[in-house]
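All remarks here apply to the structure that follows.
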Amino acid sequence: MQQIPALGLGTFRLKDQQVIDSVRNGLELGYRHIDTAQIYGNEAQVGQAIADSQVPRDELFVTTKIWTDSLGADKLIPSLRESLGKLRLDQVDLTLIHWPSPGDAIAVAEYMAALLEAKAQGLTRLIGVSNFTNAHLQQAMETVGAEQIATHQVEIHPFLQNRKVVDFAREHGIHLTAYMPLAYGKVMSDPVIQGIASSHDATPAQVALAWLLQQGFAVIPSSTKRANLESNLAAQNLRLSEQDMAAIATLERGERLANPDFAPQWD
């Protein structure tokens with residue numbers, strides 16, 4: 001299975017020309033992993049930026065996510081075909097279930113089976129999940145097999161380290177992708193992270209990303225500024241010491257930023 005590129009470009013909250021510019025700049029700088037979702041309302045703009053970039057398709061890794069209103073067995077595949085049309089692609093590299101069905105109105109087995117069928121039809125190369133509790137992930141594994149779940153995308157940053165979810169996924173050999181890795185910029189003002197950054201002649205954002213990358217997570221930071229996109233990419237070259245890693249581990253405070261009213265009961 002092709003590895004998910006460790007550093008990707010997130011597009012959450014980016015709209016219209018802003019997302020076109022961000023993806024265009026990212027691709028020019030060397031990003032090859034682009035993460036979008038049906039609910040972001042920007043798949044068409046992401047598709048436009050990819051098409052305009054002329055980066056060969058086989059060099060790109062494109063992720064989208066199925067929204068909760070399309071989890072029914074009759075809706076999932078049509079919704080993914082619609083996403084492909086917007087993205088101007090015949091196939092995405094990875095399709096995730098964005099959130100478990102609110103209130104578990106639709107069974108995990110129903111939408112995971114539909115997602116696996118989408119893979120069988122060639123609409124997506126890999127499949128995975130996002131924002132699942134351990135119980136949801138267990139049901140997903142029972143439906144399609146752990147080996148089919150290419151990643152579990154969850155909120156992970158220094159202030160929400162999500163250890164129960166991380167440990168459970170790792171126990172079953174499931175890769176993790178960390179979203180909101182910079183905690184909406186809050187890492188920039190943390191004194192511990194600032195101190196580590198100055199000792200490495202790095203930025204606090206680079207430190208937070210390196211901390212995640214060294215644990216084996218993929219990360220998908222987003223930015224509208226070209227300089228920040230370039231700086232984030234350089235986090236791959238930063239090596240933190242064991243002491244640095246341990247210091248950041250102490251920053252856990254259960255600070256969850258993505259917690260909509262339909263979210264599951266978190267672990």
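At a threshold of 4.5 Å between side-chain heavy atoms, the hydrophobic network of Ile, Leu, Val, Met, Phe, Trp and Tyr places F168 and F217 in one connected group. By the rule that hydrophobic residues join a cluster once side-chain heavy atoms approach within less than 4.5 Å of another member, M180 and V207 end up as members of separate clusters. Under a hydrophobic clustering in which Ile, Leu, Val, Met, Phe, Trp and Tyr are joined whenever their side-chain heavy atoms come within less than 4.5 Å, directly or via other members, F12 and V219 fall into different clusters. Under the 4.5 Å side-chain heavy-atom criterion for grouping Ile, Leu, Val, Met, Phe, Trp and Tyr, I220 is not connected to I156 through any hydrophobic cluster. Criterion: ILVMFWY side-chain heavy atoms under 4.5 Å apart, direct or through other members. Under it, M188 and Y184 are not part of a common hydrophobic cluster.
When every heavy atom of T124 is checked against every heavy atom of L94, the shortest pair comes out as OG1-C, 3.5 Å. Residues H172 and A146 approach most closely at O-CB, 3.9 Å, considering heavy atoms. Closest non-hydrogen pair, S101 versus A105, comes out as OG-N, 3.4 Å. Nearest approach of N42 to A37, heavy atoms of both residues: OD1-O, 4.4 Å.
Judged by distance alone, with hydrogens and angles left aside, the side-chain atoms of R163 form no donor-acceptor pair with the main-chain N or O of V166 at under 3.5 Å. In this structure, the side chain of H152 engages the main chain of F132 through a donor-acceptor pair within 3.5 Å. With N232 contributing its side chain and S222 its backbone, the two residues share no donor-acceptor pair below 3.5 Å. Distance alone, capped at 3.5 Å, places no donor-acceptor pair between the R24 side chain and the S53 backbone. Side chain of Q236 to main chain of L233: a donor-acceptor pair is present (N/O by atom type, distance under 3.5 Å, no hydrogens or angles). In terms of modelled atom types and a separation under 3.5 Å, the side chain of D190 and the main chain of I193 share a donor-acceptor contact. For the pair Q161 (side chain) and P158 (backbone), a donor-acceptor distance under 3.5 Å is present. Side chain of T203 to backbone of Q206: a donor-acceptor contact under 3.5 angstrom is found. Although no hydrogens or angles enter the test, the distance criterion places a donor-acceptor pair under 3.5 Å between the side chain of E155 and the main chain of L257. Listed for the Y31 side chain is a donor-acceptor partner under 3.5 Å among the backbone atoms of L229.
From L115, atom CG reaches atom CD1 of I77 across 8.5 Å, with rounding to the nearest 0.5 Å.
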- Query: side chain to side chain donor-acceptor pair (under 3.5 Å) between N131 and H136: does it pass, once the steps are laid out?
  - Reply: CA-CA 9 Å; N131 298 303; H136 287 114; over 6 Å; no
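The side-chain heavy atoms of L182 and K186, taken from C-beta on, include no pair separated by under 4.5 Å. Here the side chains of L76 and E117 are not in contact, with every heavy-atom distance at 4.5 Å or above.
When only modelled atom types and interatomic distance are considered, D244 and S241 share a side-chain donor-acceptor pair under 3.5 Å. Side-chain contact of Q215 with R170: a donor-acceptor pair under 3.5 Å is absent, judged by distance alone. A donor-acceptor contact closer than 3.5 angstrom links the side chains of H175 and T151.
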Please list, one pair per line, the donor and acceptor atoms closer than 3.5 Å that link side chains of residues 61-68 to other protein atoms, with sequence neighbours excluded.
unit_1	atom_1	unit_2	atom_2	d
T64	OG1	E43	OE2	2.7
K65	NZ	D35	OD1	2.5
K65	NZ	T36	O	2.9
K65	NZ	Y40	OH	3.1

Contacts under 3.5 angstrom, residues 260-267 side chains, donor-acceptor by atom type, not counting sequence neighbours:
unit_1	atom_1	unit_2	atom_2	d
W266	NE1	N259	OD1	2.7
D267	OD2	N134	N	2.6

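Ion pairing between R32 and D93 fails under the 4.0 Å rule for side-chain N and carboxylate O. With respect to the salt-bridge test (charged N to carboxylate O, under 4.0 angstrom), the residues K86 and E82 qualify.
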